[in-house]
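Report on the following structure.
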Amino acid sequence: MAGILQQLKSIANYFQVKREPLFTFPVEKQRAFLESLSEPSDDAERSFCQYRCQMHLYGWLLPFCWGLAASLLYGRLFRRYRKEAGSAAAAQCRCVFFDHGMPANIVPDGLRREFGDPVLCGEGPAPRLTEADEAFLQEIRRRFPGAPFFHLKLMIKVAQHRAIFEAYRPEALIVCSEYSFTSSLQRLHAERNGVELINAQHGENFFYIQDAFFHFDRCYVWNEDYARTFQALRAAPGQFTVEAPPSLRVPREAPEQRCYDHTYYLSAESGAKLERIHGLLLRLQKQGLRVAVRPHPRYSKAEEVRALFSDMDVEDCREVSIEASLGRTEHAVAIYSAVLQQAFHSGIPFVIDDLSDPQKYRKLSELHYALLGKESALLSRLLAEAEKEGRYVR
């Protein structure tokens, strides 16, 4: 069962990376669909509106396949969760961070001052459902029939949270789930169990209807730009708190200890796009600049990156933390990346790549990219200056 669920998740991630609906689905069509939906009256309708937005991004075939698989899995998984015995209660804690492998330093300091250090809860105790959860799920199924994938995802989240509530008895649960169409219903379920559901921003966000309509008791964002973007996406008003977490503040090495002039932070590039990035970095390297490339820990194909960039340094994500990587470079380079936000908040100069994928760069302004207009450089200008001078002057 776990293997089937993991396969479904892998397929979803594959299409997310391969099709890149963030950049290929026209913003005007996203906006039109968003505006076509009636204002939700409660959290259940908020979740269903977010679900409809996400399915709209993928057309009909992929959602149909997900729905078919969900129809086959729901009953089996439900029976398994209902049979699961409750976890022995741990010492009661005020706050749990359901981190799913996210670093603890994305939790804002304000929450730590309020609740103390949260208990980190990886994948959590074995998911289970109670009679009250069963009634909750039935209530939602009656309201929104004919959406098996919607109901399967909600059941999984409810079962995961039930196990956490019983094991830790927290006052608050911190998640990173604005992208989940179950988020508003997660909040409602948590409220019925006397738990505050708090969302912490963990990565870059855009005007993208995947993140529409969500509602948490509190949603921490890195700056006002993100709050405005989420409000444009019709997320529930009044939930946003602006606070940059510790993860965005990176200590720098002394100038004489910085290894590189430029470190390029990859995302999911491969094939021709990766070759173009290599060519651009090679041009910088030929001007005597110290250049490194850092693969994305989840999306990059490590072997492809190492083979293509064999003539320059490739960072090993397992050995060099992102903080150490940023601390030892003069400039952070990417098309877009949460790493550039870390650089911005840490006073590290950052460079936006406008050359390797010009179409994607042009679309960033349509997507409300928060770093456009901030004090940054463009790779085109940097290259032109370096090649004009024949050398690089810091």
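All of these numbers come straight from a predicted model, not from anything done at the bench. For the numbers below, each heavy atom of this structure counts, side chains included, while hydrogens, waters and symmetry mates do not.
- Without hydrogens or angle criteria, K374 side chain to A370 main chain gives a donor-acceptor distance under 3.5 Å.
- At least one side-chain heavy atom of F216 sits less than 4.5 Å from a side-chain heavy atom of V175.
- Contact check for I322 versus Y265: side-chain heavy atoms found under the 4.5 Å cut-off.
- When the side chains of ILVMFWY residues are joined at heavy-atom separations under 4.5 Å, either directly or via intervening members, M155 and L72 end up in two distinct hydrophobic clusters.
- In this structure the side chain of Y208 reaches within 4.5 angstrom of the side chain of Q30, judged on heavy atoms.
- Under a 3.5 Å cut-off, the side chain of Q201 and the backbone N or O of W222 do form a donor-acceptor pair.
- Judged by distance alone, with hydrogens and angles left aside, the side-chain atoms of N199 form a donor-acceptor pair with the main-chain N or O of S177 at under 3.5 Å.
- Within a 6.0 Å sphere centred on CD of E131, heavy atoms belonging to other residues, nucleotides or ligands number 12 at most.
- Counting only heavy atoms from C-beta outward, the side chains of Y299 and S267 never approach each other to under 4.5 Å.
- By the criterion of side-chain heavy atoms lying less than 4.5 angstrom apart, applied directly or through intervening Ile, Leu, Val, Met, Phe, Trp or Tyr residues, L284 is grouped together with M312 in one hydrophobic cluster.
- Cluster annotation: L34 is connected to V27 through the hydrophobic network of ILVMFWY side chains, with a link wherever side-chain heavy atoms come within less than 4.5 Å.
- Between I335 and the options I352, L340, D353, a side chain to side chain contact (heavy atoms under 4.5 Å, CB included) holds for only D353.
- Without hydrogens or angle criteria, R234 side chain to L37 main chain gives a donor-acceptor distance under 3.5 Å.
- You'll find the ring centres of H151 and Y74 outside the 6.0 Å limit.
- Checking side-chain atoms of R252 against main-chain N and O of T329 turns up a donor-acceptor pair under 3.5 Å.
- Residues H215 and F213 place their aromatic rings such that the two centres sit no closer than 6.0 Å.
- The backbone N or O of F98 lies less than 3.5 Å from no partner atom in the side chain of Q160, so there is not a single donor-acceptor pair.
- No continuous path of hydrophobic side-chain contacts links V293 to V320 [ILVMFWY only; heavy atoms under 4.5 Å].
- We find the OG-CG distance between S356 and L280 to be 6.5 Å, quoted to the nearest 0.5 Å.
- When side chains are defined from C-beta on, F165 counts as touching L173, because their heavy atoms get closer than 4.5 Å.
- Considering L281, V351, I277 as possible partners of L379, the one that fulfils the side chain to side chain contact (heavy atoms under 4.5 Å, CB included) test is V351.
- Counting only heavy atoms from C-beta outward, the side chains of L185 and I140 approach each other to under 4.5 Å.
- Closest approach of M55 to W66, counting heavy atoms only: CE-CZ3, 3.9 Å.
- In this structure, R94 contributes its side chain and E114 its backbone to a donor-acceptor pair below 3.5 Å.
- The neighbour count for E39 CD, taken as heavy atoms of other residues, nucleotides or ligands under 6.0 Å away, is above 12.
- Here the side chains of I198 and Y220 are in contact, with some heavy-atom distance below 4.5 Å.
- Side chain of R128 to main chain of R162: no donor-acceptor pair is present (N/O by atom type, distance under 3.5 Å, no hydrogens or angles).
- R192 CZ to H189 NE2: the interatomic distance, rounded to the nearest 0.5 Å, is 8.5 Å.
- Taking the six-membered ring for Trp, F214 and F230 have ring centres closer than 6.0 Å.
- Enclosure of atom CZ in R218 by more than 12 non-hydrogen atoms of other residues, nucleotides or ligands within 6.0 angstrom is indicated.
- Centroid-to-centroid, the aromatic rings of F144 and Y51 stay 6.0 Å apart or farther.
- Residues M102 and V107 share a single hydrophobic cluster, defined by chaining ILVMFWY side chains whose heavy atoms lie under 4.5 Å apart.
- Atom-to-atom distance recorded for H296:NE2 and C317:SG is 8.5 Å, nearest 0.5 angstrom.
- For the pair K363 and F23, the cation does not sit on the ring face, since its NZ or CZ is not both under 6.0 Å from the ring centre and inside 45° of the axis.
- E315 places no side-chain N or O within 3.5 Å of a backbone atom of S325 that could act as its donor or acceptor partner.
- In this structure, S346 contributes its side chain and I348 its backbone to no donor-acceptor pair below 3.5 Å.
- Atom-to-atom distance recorded for N193:CG and L188:CG is 10.0 Å, nearest 0.5 angstrom.
- The CG atom of L372 sits 11.5 Å away from atom CD of E366, with the distance rounded to the nearest 0.5 Å.
- Side-chain atoms of Y336 and Q341 include no donor-acceptor pair closer than 3.5 Å.
- The shortest distance between side-chain heavy atoms of D225 and H368 does not fall below 4.5 Å.
- Side-chain atoms of N223 and H345 include no donor-acceptor pair closer than 3.5 Å.
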